[in-house]
Number of protein chains: 2
Amino acid sequence: MLTDRQLLILQVIIDDFIRSGQPVGSRTLSKKHQIAFSSATIRNEMADLEELGYIEKTHISSGRVPSEKGYRYYVDHLLPPQRLTRADIQKIRSVFAERIYELEKLMQKSAQILSELTNYTSIALGPAFKESKLKRMQIVPLNEQTAVAIVVTDTGHVENRVVTIPSSMDAGDLEKMVNIFNERLNGVPLIDLKEKMETEVADVLRRHIRNYDSVLNTLIETLDAPEEEKVFFAGKANMLNQPEFSDIQKVRPLLNIIEQEKDIYRLLRKQNQKGVRVSIGHENELRGMENCSLITATYSVGDEPLGAIAILGPTRMEYSRVITVLNRVASDLSAALTKWYQSQ
Amino acid sequence: MLTDRQLLILQVIIDDFIRSGQPVGSRTLSKKHQIAFSSATIRNEMADLEELGYIEKTHISSGRVPSEKGYRYYVDHLLPPQRLTRADIQKIRSVFAERIYELEKLMQKSAQILSELTNYTSIALGPAFKESKLKRMQIVPLNEQTAVAIVVTDTGHVENRVVTIPSSMDAGDLEKMVNIFNERLNGVPLIDLKEKMETEVADVLRRHIRNYDSVLNTLIETLDAPEEEKVFFAGKANMLNQPEFSDIQKVRPLLNIIEQEKDIYRLLRKQNQKGVRVSIGHENELRGMENCSLITATYSVGDEPLGAIAILGPTRMEYSRVITVLNRVASDLSAALTKWYQSQ
DNA sequence: TGTTAGCACTCGAACAATTCGAGTGCTAAA
DNA sequence: TTTAGCACTCGAATTGTTCGAGTGCTAACA
């Protein structure tokens with residue numbers, strides 16, 4: 001177990017390193033006003049902290065740098081309290097003050113404010129598409145063979161897909177089919193859509209429409225695999241501001257991950273326990289993120305976490321500020337969404 | 001006017017520099033098999049070329065590097081012929097071989113193949129939204145105050161927007177209104193939609209529906225300013241592979257432009273004369289692109305250019321190959337789209 | 001008159017040597 | 001237990017040196 005003095009030293013080392021990016025030496029440390037003992041004492045303590053794995057040297061006679069274990073301890077136990085300025089709070093609030101029309105715009109704006117307030121790269125994940133319920137389905141024929149199938153959810157989200165129509169089916173049939181869908185499937189969560197279509201609707205269709213099955217199958221297929229929901233990024237280029245990424249070789253894998261979007265998407269989608277979570281360095285599973293920390297927070301409507309927002313930065317990240325900002329945005333976002341869903 | 005020998009030397013210098021990225025000296029040049037004279041002669045010629053502004057020195061005793069004027073001349077008059085390999089042609093063809101369902105996927109794939117074949121950053125702009133015609137309009141009420149307005153175009157593109165509904169209007173009115181729209185506005189180009197709505201439809205609406213005007217205005221407004229069409233990027237991180245951008249300071253403004261998307265969008269939208277266009281270095285208006293060249297090509301349906309595809313790279317770009325690839329992709333894309341539009 | 005060989009000169013890149021400062025660990029005294 | 005002092009280490013910055021690839025210029029040559 002660490003002594004109080006060791007904790008103090010660890011905290012000051014990490015705080016200083018986060019601020020400066022430079023290895024912290026015993027003399028620098030002893031000059032801090034929070035620290036009352038000599039550099040020699042500090043050296044002894046630092047030697048112990050190093051042996052315990054909380055800090056490291058970059059080379060034999062260098063100052064100390066936090067290890068991942070050190071950051072982990074810091075994040076779990078030593079975070080200095082942080083308050084947002086009035087201006088920050090105001091900025092965040094203004095994002096959510098306007099009337100919401102489109103969920104996607106809102107998520108984009110959330111990402112923007114996050115990267116603006118932190119100077120890191122931010123990511124926002126929209127509410128899982130499958131959570132929402134069917135409000136209306138519509139099929140608009142384009143020509144003899146193709147039509148656009150449109151699904152409107154109760155959240156106002158519109159999903160559409162071009163589908164092929166068998167030649168044996170005419171416009172009348174199509175209309176009948178859509179009517180049956182809308183009668184029977186209103187309010188069904190999209191996630192259950194496939195099942196309901198196969199069980200409840202198939203029978204009715206069979207009675208009214210010839211050749212219903214090939215279209216039905218196409219529809220079921222396309223609707224069951226909705227486009228991956230969108231991930232919204234902001235401040236991608238902020239990554240380049242970090243001195244630890246001043247070397248192109250080190251940014252490239254990172255930018256590749258970010259450009260891909262898919263991996264990040266999956267990573268965030270997994271995040272569904274409430275609250276803030278911090279992944280430091282190698283705790284991240286994705287290769288290329290060894291020098292990064294990812295901080296995620298979920299937002300919810302009522303009690304149910306719907307999606308996540310996140311900040312990606314170097315392991316030497318301003319954890320305290322980021323977590324505070326993230327919490328604030330998440331809770332404002334949750335509030336805005338809750339209000340919005342209630343009005344639906 | 002340049003002599004034949006000067007042209008030859010200029011071409012060889014640029015070819016070599018594009019390949020190697022290193023300043024080209026007289027001795028290196030004299031060893032090339034295309035060149036039959038001594039390094040001293042070449043030095044004299046190079047001095048002339050430099051005086052004329054086609055090449056530059058990086059420092060007083062260095063080899064020569066093409067100037068923007070040099071690149072311009074090269075692109076206009078000296079491009080070495082370039083043929084695509086069978087494999088390349090095959091790759092391009094395979095992108096357009098599949099049945100097209102969604103325009104956006106197609107554009108995304110076009111961008112991908114471009115960046116894959118060139119190792120530069122590529123950009124694809126979808127057909128201008130306003131070109132297409134109204135196929136069907138639909139309004140789906142979400143609750144008392146809001147509804148989703150959906151517009152389907154003849155190209156299968158779906159545009160949607162959440163709109164507010166005045167409380168005095170009920171579901172029946174809404175339906176009537178939509179019916180009137182669909183009767184009267186079918187086939188109207190979206191660009192004319194606003195006008196037609198105000199002239200042709202307003203009268204009819206007035207006779208049938210109370211309070212039609214506030215909704216109508218909202219609709220007109222939202223539909224008249226459709227979301228900016230999407231720009232598709234691919235290979236953003238390829239920028240980092242270029243040695244001229246190995247310095248973070250030089251990439252940052254560039255990545256910022258790319259991240260913004262808006263400026264690039266405008267730039268490409270302006271491009272509506274047929275064929276390939278090359279902008280070299282300072283010919284680009286955007287700040288941050290001084291070290292870049294942008295090569296754009298338009299694709300068309302029938303005779304009308306609809307959109308553009310482009311490659312963004314360093315001024316030291318493989319112009320010949322890029323232009324060839326771009327031409328090929330543009331023409332295959334045009335063919336695919338033409339076929340597709342005809343089937344609509 | 002155009003071409004080329006030769007030569008002195010320039011400059012950047014690469015490398016080694018040097019210095020400087022911030023850091024360390026250890027020891028002995030307070 | 002703390003701290004002053006000291007020898008030692010190492011990276012970063014600075015300086016000097018060498019090397020090679022380049023240039024421009026001049027004079028001789030075809």
Side-chain angles (χ1 to χ4, degrees), chain A residues 1-10 12-17 19-67 70 243-244 246-247, chain B residues 1-10 12-17 19-67 70 243-244 246-247:
Chain A
M1 200 44 213
L2 297 178
T3 66
D4 281 356
R5 192 165 68 186
Q6 285 174 324
L7 290 183
L8 175 61
I9 291 178
L10 180 57
V12 177
I13 289 177
I14 300 187
D15 281 341
D16 191 77
F17 182 70
R19 200 182 39 74
S20 71
Q22 297 301 316
V24 187
S26 57
R27 229 179 94 75
T28 328
L29 222 48
S30 71
K31 280 190 223 140
K32 300 238 162 200
H33 67 280
Q34 311 137 343
I35 302 252
F37 11 89
S38 77
S39 63
T41 310
I42 295 171
R43 280 202 286 283
N44 290 331
E45 296 286 32
M46 295 212 305
D48 291 350
L49 282 172
E50 182 170 13
E51 200 166 349
L52 292 168
Y54 292 101
I55 52 180
E56 298 166 345
K57 286 189 265 200
T58 59
H59 60 90
I60 193 154
S61 75
S62 78
R64 302 311 209 288
V65 153
S67 67
E244 31 269 274
S246 63
D247 181 7
Chain B
M1 197 48 212
L2 297 178
T3 66
D4 280 357
R5 192 166 71 187
Q6 284 174 325
L7 290 183
L8 175 62
I9 291 178
L10 180 57
V12 177
I13 288 177
I14 300 186
D15 281 340
D16 191 78
F17 182 69
R19 202 182 37 73
S20 71
Q22 296 302 315
V24 187
S26 57
R27 232 179 93 75
T28 327
L29 222 48
S30 71
K31 280 190 224 141
K32 301 237 162 202
H33 67 281
Q34 312 138 341
I35 302 241
F37 11 88
S38 78
S39 63
T41 310
I42 294 172
R43 279 202 288 282
N44 290 331
E45 295 286 33
M46 295 213 305
D48 291 350
L49 282 173
E50 182 169 13
E51 200 166 347
L52 292 169
Y54 292 103
I55 53 179
E56 299 167 345
K57 287 189 265 198
T58 59
H59 61 89
I60 194 156
S61 75
S62 78
R64 302 309 211 287
V65 153
S67 67
E244 31 268 275
S246 64
D247 182 7

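Computed from heavy atoms alone, side chains included, the values below leave out hydrogens, waters and symmetry copies. On a predicted model such as this, the values are computed, not experimentally measured, just so you know. Note on naming: letters A, B, ... go to the chains in the order of the sequence lines (proteins, then strands), and numbering restarts at 1 for each one.
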Nearest to the side chain of [X], heavy atoms from C-beta on, is which of [options]?
| X | options | answer |
| --- | --- | --- |
| Ala40(A) | dT23(D), dA5(C), dT3(D) | dT3(D) |
| Ser26(B) | dT2(D), dT3(D), dT23(D) | dT23(D) |
| His59(A) | dG24(D), dG11(D), dT3(D) | dG11(D) |

Mind calculating the distance between [atom1] ([X]) and [atom2] ([N]) to the nearest angstrom?
| X | N | atom1 | atom2 | answer |
| --- | --- | --- | --- | --- |
| Ile9(B) | dT3(C) | CD1 | P | 10 Å |
| Arg27(B) | dT4(C) | CZ | P | 15 Å |
| Ile60(B) | dA8(C) | CD1 | P | 19 Å |
| Ile35(B) | dT4(C) | CD1 | P | 12 Å |
| Ile55(A) | dG23(C) | CD1 | P | 13 Å |
| Gln6(A) | dT2(D) | CD | P | 11 Å |

Evaluate the side-chain contact (heavy atoms from CB on, under 4.5 Å) criterion for residues Leu49(B) and Arg64(B): first the C-alpha distance (whole Å), next the side-chain angles of each, then the deciding distance (0.1 Å), finally the verdict.
CA-CA 10 Å; Leu49(B) 282 173; Arg64(B) 302 309 211 287; over 6 Å; no
Report yes if a side-chain nitrogen or oxygen of [X] is closer than 4.0 Å to either non-bridging phosphate oxygen (OP1 or OP2) of [N]; otherwise report no.
| X | N | value |
| --- | --- | --- |
| Lys57(A) | dG11(D) | no |
| Ser62(B) | dT10(C) | no |
| Arg64(B) | dG24(D) | yes |

Which residues in residues 41-49 of chain A have a heavy atom closer than 4.0 Å to any atom of DNA chain C?
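By residue number: Arg43(A), Met46(A).
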Which is true for Ser39(B) with a 4.0 Å heavy-atom rule: it touches a base, it touches only sugar-phosphate, or it touches nothing?
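The residue Ser39(B) makes no contact with any strand.
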Select base, sugar-phosphate, or nothing to describe what Thr28(A) touches, counting heavy atoms under 4.0 Å on all strands.
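Contact class for Thr28(A): sugar-phosphate only.
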When you measure only distances, ignoring hydrogens and angles, does the side chain of Ser61(B) come within 3.5 Å of the base of dT10(C) through a donor and an acceptor?
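By the distance-only test, yes, there is a pair.
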May I ask you to decide if Ile42(A)'s main-chain N or O and Ser26(A)'s side chain share a donor-acceptor pair within less than 3.5 Å?
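Here the side-chain-to-backbone pair does not exist.
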